[in-house]
Trainee: 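After the structure tokens below, expect a handful of questions from me.
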Amino acid sequence: MSVIPKGFQAWAALIVRISASLLVLMGCVVMSGWAIQSPAIVQINPTFTPMQFNTALCFGLSGAGLWLVALQRWRLATGLGMAIGLIAGLTLIQYLTGLSFGLDELFMTHFTEVETSHPGRMAPNTAVAFVLCGGFLIGASLPGERPLARSSLLIISPVVIGLALLSLAGYASGLEVLFGWSVHTRMAIHTSVGFLIFGIGAACKAWRLESRRGQSRSFSIVSPVVVASLTLLAGLWVALTHYEAQRVAQLAAIDPAIARTALPEIVAGVGLLATVLVGVAVHFVHRAQETHRLREANRDLRAAVQELDKFAHVASHDLKAPLRGIRQLAIWLKKDLAEDADPRTARYLNQMDTRIERLQDLLDALLSYSRIGQSQRRPERFELDTAVREVVSLASPPAGMAVEVDLKGVELKMDRGLFDATLLNLISNAAKHHDRPQGKIRITAEDLGEWVAVRVADDGPGIDPRFHARIFEIFQTLTSRDELEASGIGLAIVRKALKHSGGEIRLESDPEQARGSVFIVTWPKGVKGEHRHNQKSAR
């Protein structure tokens, strides 16, 4: 199930491209504003912090990076992400160490320093946000399916959105503490808008990448909500702490004993608890929805399988009558022509008879395959030795094929029809594909406690390990049908019967090591086997 509806995926792709275009446009316009020294472009308002030139440059690179990610130009997007991260990272190092690398006015000499601690230097919170933007571009460009990288994208985008919303809330409320850290340069108002645009585009891209997983995760829904909430909650805590400190400072002159209240911590604690509860609730609601969808899909799948089995049964049964008529016509032609038929005509009539017989055998096998699992299963206890000897008699192996049965003392409880279908087709398969006139099939069993293992071993040519999985597929044969008449359904019937009986099968054979093949079938017995039957019948 996709993370976002298919109808919204196209809109998400459009939003990514619009966001990328707006960021490129914003970066170019503000850089032009610095070039022509226009306060109206750089500051918006004379009292506002200007968007620094390096900030505008990083926005232009971020928009171009989003476009490259949308166009799947991974290497170029990674390069731009690294460039953005380098500029922002060096800026943070300058703040932390007090050093200057000459980066702030490398590209432009600045003409305004309103609310700017260092000429030309982007705000520290702006630098942190750009480090996240660069990380997003690199993570989105990583090749292949990397769950950790894809999950990090769902965290980075809401953090960027949260930082942008905090800054805008600070401008709206007049709380500088929300868009400025300490005494350092403030985040400009249009910088906040730029990060909001990038965050929205990044979130849409992260959801689109997540949708390619083919299934929905509750993390895909919970993480953006929780991370954005925690980011805003942290900003609220900072604002309340700042407000509380100002209140105490103002009232200290009147009452020196005034104490600071725990309001910021209480609000933060309640908000954190609410965020966790919302995240947990969304997780369980999502899981319930996925479980419901999975049940519906399983129900539809079972109905489709039943329809397919019914179709195979009806088709194979109804095709027999016209085939018998065609074969009878071929027989009449052979009788009418008798000695008058030339060799070529006689060969064609013989080939027609052979092909019709092959098709009838194929329809019989298909009918048998469709019948597996159709009737209600009735587990019964029986001795393996007696049951296998009855199956051997029913299989009627060729005169040169000796079948040894050594199963005395071993019992099994399961549906007898499924057991017979499994052993009958294994014995017939071993006899049919033997490459010598004389051969031997040995059937033994081993009691494994809660399981019974039955071994059907032959001394035939063996099966190359490359084909061990292929032989259980329907209509698959390793020998040309012109060399050996085989429907290619026998072992497929075995696999289907074991699926319905709760059994398992494995093959041991390697012609390069030794002749022969050993099919080892294991069935649950006793209460465990009966429990499996009841579970399957209930479903």
Side-chain angles (χ1 to χ4, degrees), residues 3 92 95-96 123-133 135-136 148 151-184 186-187 189 191-192 195-196 198-200 202-203 206-207 210 217-289:
V3 175
L92 287 175
Y95 276 116
L96 294 173
N125 47 349
T126 299
V128 169
F130 273 129
V131 168
L132 295 174
C133 294
F136 181 91
L148 183 60
S151 298
S152 67
L153 301 182
L154 295 167
I155 296 175
I156 291 174
S157 51
V159 171
V160 174
I161 292 174
L163 290 174
L165 291 176
L166 281 177
S167 180
L168 291 173
Y171 276 103
S173 62
L175 289 175
E176 288 191 7
V177 69
L178 294 181
F179 58 86
W181 291 358
S182 186
V183 296
H184 299 302
R186 275 45 176 151
M187 181 185 289
I189 187 169
T191 300
S192 308
F195 284 129
L196 182 61
F198 181 91
I200 293 173
W207 280 332
E210 180 73 4
R217 298 185 297 166
S218 58
F219 179 84
S220 310
I221 303 172
V222 172
S223 60
V225 175
V226 170
V227 171
S229 175
L230 290 177
T231 305
L232 294 174
L233 186 62
L236 179 61
W237 176 78
V238 169
L240 288 175
T241 302
H242 179 74
Y243 169 78
E244 186 66 15
Q246 285 184 331
R247 187 186 69 84
V248 171
Q250 291 173 356
L251 295 178
I254 302 174
D255 184 4
I258 192 72
R260 178 182 179 276
T261 67
L263 178 63
E265 287 73 20
I266 293 174
V267 172
V270 172
L272 181 61
L273 179 61
T275 299
V276 172
L277 291 177
V278 169
V280 172
V282 171
H283 169 71
F284 282 107
V285 168
H286 179 267
R287 286 191 59 180
Q289 291 177 342

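Small disclaimer: the values here were computed from a predicted structure and weren't measured.
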Trainee: Rounded to the nearest 0.5 Å, how far does CG of L168 lie from OG1 of T191?
Mentor: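 One gets 10.0 Å once the value is rounded to the nearest 0.5 Å.
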Trainee: Please report the closest heavy-atom contact between L132 and L163, naming both atoms and the distance.
Mentor: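 In terms of heavy atoms, the two residues are closest at CD1-CD1, 4.4 Å.
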Trainee: Measure the acute angle between the ring planes of F136 and F198, then classify it against the limits of 30° and 60° as parallel, tilted or perpendicular.
Mentor: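 Rings of F136 and F198: perpendicular, over 60°.
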Trainee: About how many Å separate OG of S192 and CZ of F179, when rounded to the nearest 0.5 Å?
Mentor: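 Interatomic distance, F179 CZ to S192 OG, rounded to 0.5 Å: 8.5 Å.
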Trainee: Please round to the nearest 0.5 Å and tell me the distance separating atom OG1 of T126 and atom NE2 of H184.
Mentor: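 The distance works out to 12.5 Å.
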Trainee: Can you tell me how far the CG atom of L272 sits from the CH2 atom of W237, to the nearest 0.5 Å?
Mentor: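 So the CG of L272 and the CH2 of W237 are separated by 12.5 Å.
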Trainee: Rounded to the nearest 0.5 Å, what's the gap from CD1 on I156 to SG on C133? Could you check?
Mentor: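 Going from CD1 on I156 over to SG on C133, the span is 9.0 Å.
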Trainee: Is there a side chain to side chain contact (heavy atoms under 4.5 Å, CB included) between L154 and W207? Walk through the geometry before answering.
Mentor: CA-CA 8 Å; L154 295 167; W207 280 332; 3.6 Å; yes
Trainee: Mind checking the CG-CG spacing from N125 to L92? Nearest 0.5 Å is all I need.
Mentor: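 Between N125 CG and L92 CG, I get 9.5 Å after rounding to 0.5 Å.
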